[in-house]
Amino acid sequence: MTSILHFADIHFGVEDQSALAKLGATIDKLEPDISVISGDITQTGSEEEFARAAEWIAGLAGPKVITAGNHDTPMYGIIDRMMKPFDRYADYIDPLDIGLFEDENVIIQSMNTARGVQMKLDWSVGVVDLDRLDTVIARFHESDWNKLRLLNVHHPFIYPPESPLQKTTDNGPEALKRLADGNCDMVLSGHVHVPFVVERKPGGSELLSVSSGTLSTRRRDNNPAFNHIAVTADELVITMIEFDGEGFVRSEAFRKPRHELSAWRRDGYETMRKKAKILDTQPLREP
Ligand SMILES: [Fe+2]
């Protein structure tokens with residue numbers, strides 16, 4: 001079994017200290033193999049917030065795959081925000097990030113969808129660099145076909161009705177299409193501060209969009225929360241875990257048999273190979 005912790009929007013500076021104080025014992029019970037953090041690690045991108053965030057992340061046992069959010073650029077200091085938006089993030093967080101995680105069940109990669117400044121009024125909007133996305137998909141293709149492929153981003157590519165925030169990530173629809181065509185299984189995100197799982201079947205393939213809640217005090221009618229994702233040889237189980245004021249409790253769970261996620265892909269691959277063989281062995285006819 002691969003045990004994945006999925007956090008987002010801890011927003012050090014306005015983190016929920018009572019929730020974080022109880023988190024350690026819960027994490028120990030879940031025996032994580034990997035922690036995924038989907039951005040907005042800080043509130044204003046200050047040195048002090050990054051230092052505290054880095055200390056907390058370093059204290060999490062095991063490897064981490066991390067990406068930045070729009071709050072992880074300097075909120076104060078427009079020159080820094082324009083010229084070197086992710087320098088502090090690089091100083092404090094990059095050394096804690098293994099970049100890519102792969103075991104017998106999953107492969108996980110990150111992609112930064114946050115920007116310092118943009119040619120639009122709302123700088124919090126996410127942007128997908130499609131060339132970078134193609135590189136990520138190409139790396140997925142290098143791994144075994146039966147491993148689940150997870151992409152970690154800050155901004156969701158889809159905003160379901162239960163999201164209190166309704167925006168469009170630039171190139172989000174095209175990114176979803178390329179990921180589905182590229183046989184990606186799951187997009188892990190944050191940003192909206194509300195947990196959700198959305199199942200889609202674009203083009204006959206299957207792609208899950210999974211959002212973590214927040215562990216900050218910036219909540220939108222939800223308890224502080226994070227996700228636990230368990231992947232076995234047979235099943236995928238995504239459990240939302242929320243803080244009820246006293247401790248962390250399991251709330252909703254989403255279950256899916258593994259064969260429904262990856263069997264079509266293996267079959268598709270084998271069919272392609274069979275077809276290729278048939279083509280290979282067909283005698284070339286003289287015109
Ligand atoms: Fe956030």
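Indexing begins at 1, ligand by ligand and atom by atom, following the structure's order. Keep in mind the model is a prediction, meaning the values are calculated, not measured.
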So side chain to side chain donor-acceptor pair (under 3.5 Å) across residues 225-243, not counting sequence neighbours, yields S3-H228, H6-N227, N223-E242, E235-R255
- Message: Can you tell me which N/O/S atom of D40 has the shortest distance to the Fe ion (ligand 1)?
- Response: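 The closest N, O or S atom of D40 to the Fe ion (ligand 1) is OD2.
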Which atom, counting only N, O or S, brings D9 closest to the Fe ion (ligand 1)?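 That would be atom OD1.
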Across all chains, not counting sequence neighbours, the side-chain hydrogen bond (donor to acceptor under 3.5 Å, both in side chains) partners of S124 are D122, K167
Is D16 paired with R219 through a side-chain N to carboxylate O contact shorter than 4.0 Å?
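So R219 pairs with D16 through a salt bridge.
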Measuring to the Fe ion (ligand 1), does H193 have an N/O/S atom at a distance below 2.8 Å?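 Coordinating: yes.
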* To do: Taking both backbone and side-chain atoms into account, decide whether H191 has an N/O/S atom under 2.8 Å from the Fe ion (ligand 1).
  =>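 Checking the Fe ion (ligand 1) against H191, no N, O or S atom falls under 2.8 Å.
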*Would H154 and N70 count as having a side-chain donor-acceptor pair, cut-off 3.5 Å?*
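Per modelled atom types, H154 and N70 side chains form a pair under 3.5 Å.
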